[in-house]
Structure formats: C-alpha cells, structure tokens
Amino acid sequence: MKTISLGCVAAACLAMGIAAAQQPARTNLVGAVEAIDSANGQITLHTDDGKKVTITPHAGAKFLRLPAGEKSMAKATPIAANDIAPGDRVLARGELSDDKTALAASTLVVMTKADIAQKQQADQAEWRKRGVGGLVTAVDAQAGTVTINTRTAEGLKPLTIVAGAKTAVSRYAPDSVKFADAKLGTLADIKPGDQVRALGTKSDDGTRYEAEELVSGSFRNVAATVTVVDPAANTIKVMDLTTKKPLLVHVNADASLRKLPEWMARMIAMRASGGTGGNGPGGGGGQTPAGAAAAGAPGQNAGSAQAGTPGGGQGGPGGPGGAGGMRGGRGGDMQQMLERLPAIKLEDLKPGDAIIVSSTEGSDPGQVTAITLVAGVEPILTAAPAGSQRARMLGSWNLDMDMGGGGGMQ
C-alpha cells in the first residue's frame, strides 16, 4: 500500500490555494446591448450604471436565454452567440479589466428585447385590470396598511391597502423618473400626500385591497411660466406661480411633452372652476369633473427587487411617458387623453408660455426632473389663479408613475 506523506498533502493544498488566489475575481455586469461587432465577436454593453463596457466571450463561454420576468436559472435555455441583438438585456459574468472598460465573459444570460416587450404588455394589461392607486391619506406601518381615497360611483371612498409579508414594496428614488431606479422600501417610508399604486385583489365589499406589489413616491406638480429654454442642456428655467421662485426643470429623453389644444384647455378650465364643459371636438359634454383625473401610472418595469438573480430586480427598456400604463377606473382619463395628443419638442416652448410639470420630489427644491410637461394650459391656470383652488386643480393631474412590464435583470 502506497503511503502519502502529510508534507506532500500540505504542499498540494498550498499550491491549490496560491492558484486560487491568482485567479482573477469574477464580476457580474448588467445592461442593454448597444452594439455587436460580429467580426471580432464582441458586444458593447451599456450598463445600468451608465458605463460602456466591451464584452469579449471566452472560447467556451455559455450563452443562455432566460424568459423575461423569470428569476430561476432553471428556466434558461442554451442559445448561440449570434442570437444576441441590440436592445437585448444581458447579464455578463467574467473578469473585468483594470480600467473597467472590458470584460472577458464566461457566461452571458440574455433576455431578448422582444420577450421583454411582450412581458411589459402583459404586465401593463394586468395592472390596468387589477391595479389601484391614489394619494395616501393615512399609513399604519405596524398594521401593514396604507389608506387612499378612490373614486366610486357614489363618490370618493377610502380604500385600505394591506401589505403582507409577501408584498413587494418599493419606492421611487429622488430625482429619478425611472422605475428602474426604484429601491426596496417599507411602509414606514410612505407618508400622507405620497402617491401609491398597488397590484392585488379587492375585497368583496370594496373596502380592503390585498396587495401583491406596492410602489410609492413623493411627487410634485408645478404650475409655472417659462423664462428660458435651453435645448442644448435639455433644461428650461421657469417661474413657479405658487412659490414665486425660479425653478430649473430637467427634461430628459424619458419625459413626455404635450400641448393642449385651446378648446380642450378651456373645457378643462371650466370643469376645474365648477362649470360644465362644452361639446368641443372629442368633448364629453362636461359630465366629468377635473378632479376625476386621479393619479395614474404609465407602464414599464415592475419586476421584483430580488437582487442577484438574472430575472429579478428592476430594469429593462422603457420610460415614463411611454405608451400603455395601469390606470384604474376614471383615474386614467386625463393621462390617456394626454397620450393621444401629439408630442412637442423642448424648442417648441417659448418664454412666457404657461406649463404644468409633473415631477418626482428631488433633493434640491430648486430643481426638478420632468415626468410629464403640458403646455397650452393658460385657461386652466386662469380658472384656478391661486391658493387652495389651484392646489386642488393641480392635484387632479396624473403623475406618470412608471411601472409595469417586468423583465429586466438586476
């Protein structure tokens, strides 16, 4: 029988330890495919933190396709390298270069652009069917409940949203209009005046709502007049008509810019002041008060926030102001109407124009990032010139809370 000395075993273990220590650390990168260089077999990835990284797969790299929204790699299936296309979401695992501009990948997990779009549409339909939302009137974090007012045939009624142990709770980040930037949150983060959307099941008597997902945010509606337009910087300077202070509005590619036709603005103004609307083109004969337009939400990514799993977390293409969305009952009337209007460009705005801007609450009260910007609102602001009347009118404008359509990677 051959004898193995303990010294040899110790030496072998030491050698293995040194070899392991010399192995480069593995890194996970997640982002969207920006370009593909088929000749060199490289992929340009625009990562979720805004960097561009060149991905070069190893000779024996694994390429896997994971259905949008899936969290388990058990559902992944092998694909070929040439199945990857621009716009796909990719999780690439490998060795990152010292300058962090290149990754030698051993594994690439792909969610295709088409799969993500299909998932988004399905999720948006689900939120439209089963979603509720509104302004928060009360929070009981200990009891796990949030109370909002919802519009019913009998008028406004309170609805208690119940968040249980399995409810996915998230919250919009300051200065961000993207649900991709939302963070895991708790009910303790929510306060009266915030806006929430929830997906779940309503009780038979319509007073309670068991939430599967709940997202909240602090938002801000501003009535203002334009003072300076800077298309090169994607900003406009305005005068806040409520605070009488200047405000800088950032308008990025995700923002929705619309202009109301004069007849529509006058109809809304008449309703806001308690009158009845006319029968202008597409008008409803003045039967719906402006206050019926409660908080709504466009569709995008409401993936789970389970970090570290290819299918979990927020992400994916899309953005606020995009088509689709979850809007319960009459609450989405205003937002759906705005989406049907032609889009305008930043340079279409002129000093002196009156606008209403929906935005997230940011860290700097002197700046906001626009979610929705609506021009042509002079008749509306004239109908509600100041004080509490204007505040009530502004509160009826939809805030474009960006949700729905999971399928991103984290």
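Everything numeric in this text was worked out from a predicted model, so none of it was measured.
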Candidate list [options], test side-chain contact (heavy atoms from CB on, under 4.5 Å), partner [X], passing option:
X: Ile43; options: Thr56, Val90, Leu108; answer: Leu108
X: Leu29; options: Leu96, Asp48, Leu91; answer: Leu96
X: Tyr209; options: Thr150, Val146, Leu159, Thr201; answer: Leu159

Using the test salt bridge (charged side-chain N to carboxylate O under 4.0 Å, His left out), find all partners of Lys237 that sit at least two apart in sequence or belong to another chain.
->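 Scan of Lys237 (salt bridge (charged side-chain N to carboxylate O under 4.0 Å, His left out), adjacent residues dropped) gives none.
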Asp49: salt bridge (charged side-chain N to carboxylate O under 4.0 Å, His left out) partners, not counting sequence neighbours = Lys51
Looking at [Y], is its backbone amide N or carbonyl O close enough to the side chain of [X] to form a donor-acceptor pair, meaning the two atoms are under 3.5 Å apart?
X: Asp240; Y: Pro246; result: no
X: Ser256; Y: Thr372; result: no
X: Thr167; Y: Ala211; result: yes
X: Asp189; Y: Thr186; result: yes

Does [X] have any side chain to side chain donor-acceptor pair (under 3.5 Å) partners at least two apart in sequence or in another chain, and if so, which?
X: Ser97; answer: Asp99
X: Glu210; answer: none
X: Asp37; answer: Asn40
X: Ser203; answer: Asp205

For [X], all residues meeting side chain to side chain contact (heavy atoms under 4.5 Å, CB included), sequence neighbours excluded:
X: Lys345; result: Glu347, Asp348
X: Thr145; result: Asp140, Ala143, Thr160, Val162
X: Ser218; result: Arg171, Lys191, Asp194, Glu361
X: His46; result: Glu34, Lys52

Thr369 vs Ser359 side-chain heavy atoms within contact, under 4.5 Å = no
Measure the shortest side-chain to side-chain distance between Val357 and Leu247 over non-hydrogen atoms and say whether it is less than 4.5 angstrom.
-> no
Taking only distance into account, with no hydrogens and no angle test, what donor-acceptor pairs under 3.5 Å do side-chain atoms of residues 59-68 form with protein atoms, sequence neighbours excluded?
from  : atom 1 : to     : atom 2 : distance (Å)
Arg65 : NE     : Asp115 : OD2    : 3.1
Arg65 : NH2    : Asp115 : OD1    : 3.0
Arg65 : NH2    : Asp115 : OD2    : 2.9

At their closest point, which heavy atom of Ile148 faces which heavy atom of Gly134, and how far apart are they?
->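 Looks like CD1-N, 3.9 Å.
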Considering residues, nucleotides and ligands other than Gln118, do more than 12 of their heavy atoms fall under 6.0 Å from its CD?
->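 It does not: Gln118 CD has 12 such atoms or fewer within range.
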Do any pairs count as a salt bridge (Lys or Arg N to Asp or Glu O under 4.0 Å) and have a residue in residues 75-85, sequence neighbours left out, and if so which ones?
->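 Sorted result for residues 75-85: Glu70-Lys75.
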